[in-house]
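Heads up, the thing below is written out as structure tokens.
Start at 1 with the first residue, then count along the sequence.
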Amino acid sequence: MNGATRPPVNTYVFIDTETTGIFSEDPANLNNWNGPPVPGQRRDNALKLHILVNHTDPNKAPHLTEVALLAVPRELLEDAIARLEADEDEVVPTAVNVHTRQIRPNLSEEEWNSYRHKQVANRALLLKPRDLQLKASFAEEWPGIRHFLTTIPKPACLIAHYGLGFDFRLLSAEFERNKIPKNERLPDGVFFVDSYLMALDIESDYQKELKQQMTAIDWSKVKAVENMDGDVQLEPDQTDDGATTEPADVDMNAYRQEPGSSYSTPPRAVRDESASGLTTDNQRARRRLLDGAPTDSPTRCLSQATWSPAKKLRVNKDHHKLFRRNNSGGWSFDPLMAQAHFKTPKFKLQTLYEELVGGTFNAHRAEDDCWALMKVCLTYGRDFVTYADCFYCQFPEKMNAN
């Protein structure tokens, strides 16, 4: 499908699953097929999911115990992003459709005993065997889930964190294991995005933009970079009689070119920087990062009015890792330190939630994870919306009804 002509996403469906365990296959052979993901490197995710589902033995796959889907119309999600940028309260859309089902896995007595032992070691497995044994099977619940997906406006995009290697792959295994007829699988007009890969790619583009901007600034014209209280200003110039003139405001747009990006981000409203209701040190620290760059950061030379909350939080917090002073007194982007950003567990859903949304992440139920994922995606603002429009993928043929 051509990214220039494809229709935009009409419904965002945040999906999460709970299971009896994990896939037992060697991840080096399947989950890391064609190598681990490279941030910012566009990849054929449709092909990768095709490889994964066709090399997964459904009889060895974990069983689904709970699935939650949270469907948000495009207009409501865009309204929430605008409210977030305007620093309003209660930005998360609540008028959304939620479909949550607990599933009875078809397990032998030996497999139930194994699940009980896993629960002792893994506190994330909250659903007890008796909770599940009283529920309906996947085959019985799937028609209701499919009806939910059929009725929402299309194109609809299923968004799951690590969905490529887990949630979507698991769904395919359940289709096969429960012998769901081909014409009763995913309805037409339903596509997917893996939010883990989305976050990697968007933040990689943030770094590419910063690198270009640091290069484009003429640092010889910026003499007061450190300890700034407002706009970047030139130091007072000396006149012929020894007097000093008043410092002149510097328009940094005169010294840099806006870099191109792999996708175009629409202009955003300027954030109302007033703070309210900040009750903890973490909240106050988060507010300071949203309010603007630290005084010892070269990003004080850049307008942040169009930055998403995620970009402000990431760059302003990690500025000491992203930039270094050069020999001429200006600033340079540090590619080695910046690359290390992607080698840490910063892109787990829990870490993204705690660093970008704020607060404690306690979600171990599918619906809670869906709400957490939606909140994380909101912090990426219109970058998330544009990414989903440009890169949503077709599910493999064996998962589709058509």
Quiz item: Under a 4.0 Å N-O cut-off, is there an ion pair linking Lys346 with Glu355?
Solution: yes
Quiz item: Looking at side-chain heavy atoms only, is the closest gap between Arg324 and Met337 below 4.5 Å?
Solution: no
Quiz prompt | Verdict with supporting geometry, Glu367 and Thr100, side-chain hydrogen bond (donor to acceptor under 3.5 Å, both in side chains) | solution = CA-CA 7 Å; Glu367 187 175 327; Thr100 302; 2.8 Å; yes
Exercise. Take Glu140 and Ser137 through the side-chain hydrogen bond (donor to acceptor under 3.5 Å, both in side chains) test and state the conclusion after the steps.
Key: CA-CA 5 Å; Glu140 293 168 315; Ser137 68; 3.1 Å; yes
Quiz prompt | Residues Glu78, Arg382: salt bridge by 4.0 Å N-O rule | solution = no
Quiz item: With a 4.0 Å cut-off, would you call Arg74 and Asp389 a salt bridge?
Solution: yes
Quiz prompt | For the student: nearest non-hydrogen atoms of Pro129 and Gln119, plus distance | solution = CD-OE1, 3.4 Å
Self-check item: Ion pair check, Arg101 and Glu66, cut-off under 4.0 Å
Solution: no
Practice problem: Report yes if the distance between the aromatic ring centroids of Tyr162 and Phe166 is under 6.0 Å, otherwise no. | Solution: no
Quiz item: Quick one: are the ring centres of Trp142 and Phe175 less than 6.0 Å apart?
Solution: yes
Quiz item: Are there more than 12 heavy atoms of other residues, nucleotides or ligands under 6.0 Å from atom CG of Leu126?
Solution: yes
Quiz item: Can you check whether Pro105 reaches Leu64 side chain to side chain, under 4.5 Å on heavy atoms?
Solution: no
Quiz prompt | CG on Leu127 to CD on Gln102, rounded to 0.5 Å | solution = 5.0 Å
Quiz item: So, is the end of the Arg6 side chain (NZ or CZ) under 6.0 Å from the ring centre of Tyr392 and within 45° of the ring's axis?
Solution: yes
Practice problem: Check whether the ring centres of Phe347 and Phe342 lie less than 6.0 Å apart, and answer yes or no. | Solution: yes
Quiz item: Is there side-chain contact between Phe323 and Asp334, with heavy atoms separated by less than 4.5 Å?
Solution: no
Quiz item: Given side chains that start at C-beta, do those of Val67 and Ile145 come closer than 4.5 Å, heavy atoms only?
Solution: yes
Practice problem: Report yes or no: is the cationic atom of Arg169 (NZ for Lys, CZ for Arg) under 6.0 Å from the centre of the six-membered ring of Phe23, at an angle within 45° of the ring normal? | Solution: yes
Self-check item: salt bridge (Lys or Arg N to Asp or Glu O under 4.0 Å) evaluation trace for Glu203 with Arg314
Solution: CA-CA 9 Å; Glu203 295 203 24; Arg314 290 297 213 196; 2.9 Å; yes
Quiz item: Salt bridge between Glu354 and Lys375, side-chain N to carboxylate O under 4.0 Å?
Solution: no
Self-check item: Gap between atom CG of Asp368 and atom CG of Asp16 - 0.5 Å precision
Solution: 9.5 Å
Quiz item: Nearest heavy-atom pair of Val376 and Val357: which atoms, and what distance?
Solution: N-CG2, 3.8 Å
Quiz prompt | Any donor-acceptor N/O pair, Ser204 side chain to Leu200 backbone, under 3.5 Å | solution = no
Quiz item: To the nearest 0.5 Å, how far apart are OG in Ser332 and CD1 in Ile217?
Solution: 11.0 Å
Quiz item: How long is the gap from CH2 on Trp331 to OG1 on Thr215, to the nearest 0.5 Å?
Solution: 15.0 Å
Quiz item: Out of curiosity, Ser308 OG to Leu356 CG, how far, rounded to the nearest 0.5 Å?
Solution: 8.5 Å
Practice problem: Start with the C-alpha distance between Asn316 and Gln304, add both sets of side-chain angles, then the distance that settles side-chain hydrogen bond (donor to acceptor under 3.5 Å, both in side chains), and finish with yes or no. | Solution: CA-CA 10 Å; Asn316 291 337; Gln304 298 191 10; 3.1 Å; yes
Practice problem: Anything under 30° is parallel, anything over 60° is perpendicular, the rest tilted; go ahead and classify Phe148 against His99. | Solution: tilted
Self-check item: Ring centre gap for Tyr12 and Phe384 strictly below 6.0 Å
Solution: yes
Quiz item: Out of curiosity, His161 NE2 to Tyr196 OH, how far, rounded to the nearest 0.5 Å?
Solution: 8.0 Å
Quiz prompt | From CA spacing to verdict: salt bridge (Lys or Arg N to Asp or Glu O under 4.0 Å), Arg104, Asp131 | solution = CA-CA 9 Å; Arg104 183 187 74 244; Asp131 297 333; over 6 Å; no
Quiz prompt | All pairs passing ring pair (Phe, Tyr, Trp, His ring centres under 6.0 Å) where residues 102-132 contributes a residue, at least two apart | solution = none
Quiz item: What closest approach, in Å, do Met399 and Arg185 show between heavy atoms, and which atom pair accounts for it?
Solution: O-CB, 3.2 Å
Quiz item: Do the two ring centres, one from Phe395 and one from Phe191, sit under 6.0 Å apart?
Solution: no
Practice problem: Please confirm whether the backbone N or O of Val315 pairs with a side-chain atom of Lys317, one donor and one acceptor, at under 3.5 Å? | Solution: no
Quiz item: Which heavy atom in Arg177 sits nearest to a heavy atom in Ala61, and how many Å separate them?
Solution: NH1-O, 3.0 Å
Quiz prompt | Under 3.5 Å: donor-acceptor pair, side chain of Lys118, backbone of Gly21 | solution = no
Quiz item: Should the heavy atoms of other residues, nucleotides or ligands under 6.0 Å from NZ of Lys348 be counted, would the total exceed 12?
Solution: no
Self-check item: Charged N-O contact under 4.0 Å between Lys311 and Asp205
Solution: no
Exercise. Check whether any side-chain N or O of Thr379 sits under 3.5 Å from a backbone N or O of Pro309 as a donor-acceptor pair, and report yes or no.
Key: no
Practice problem: Start with the C-alpha distance between Thr17 and Thr19, add both sets of side-chain angles, then the distance that settles side-chain hydrogen bond (donor to acceptor under 3.5 Å, both in side chains), and finish with yes or no. | Solution: CA-CA 6 Å; Thr17 59; Thr19 69; over 6 Å; no
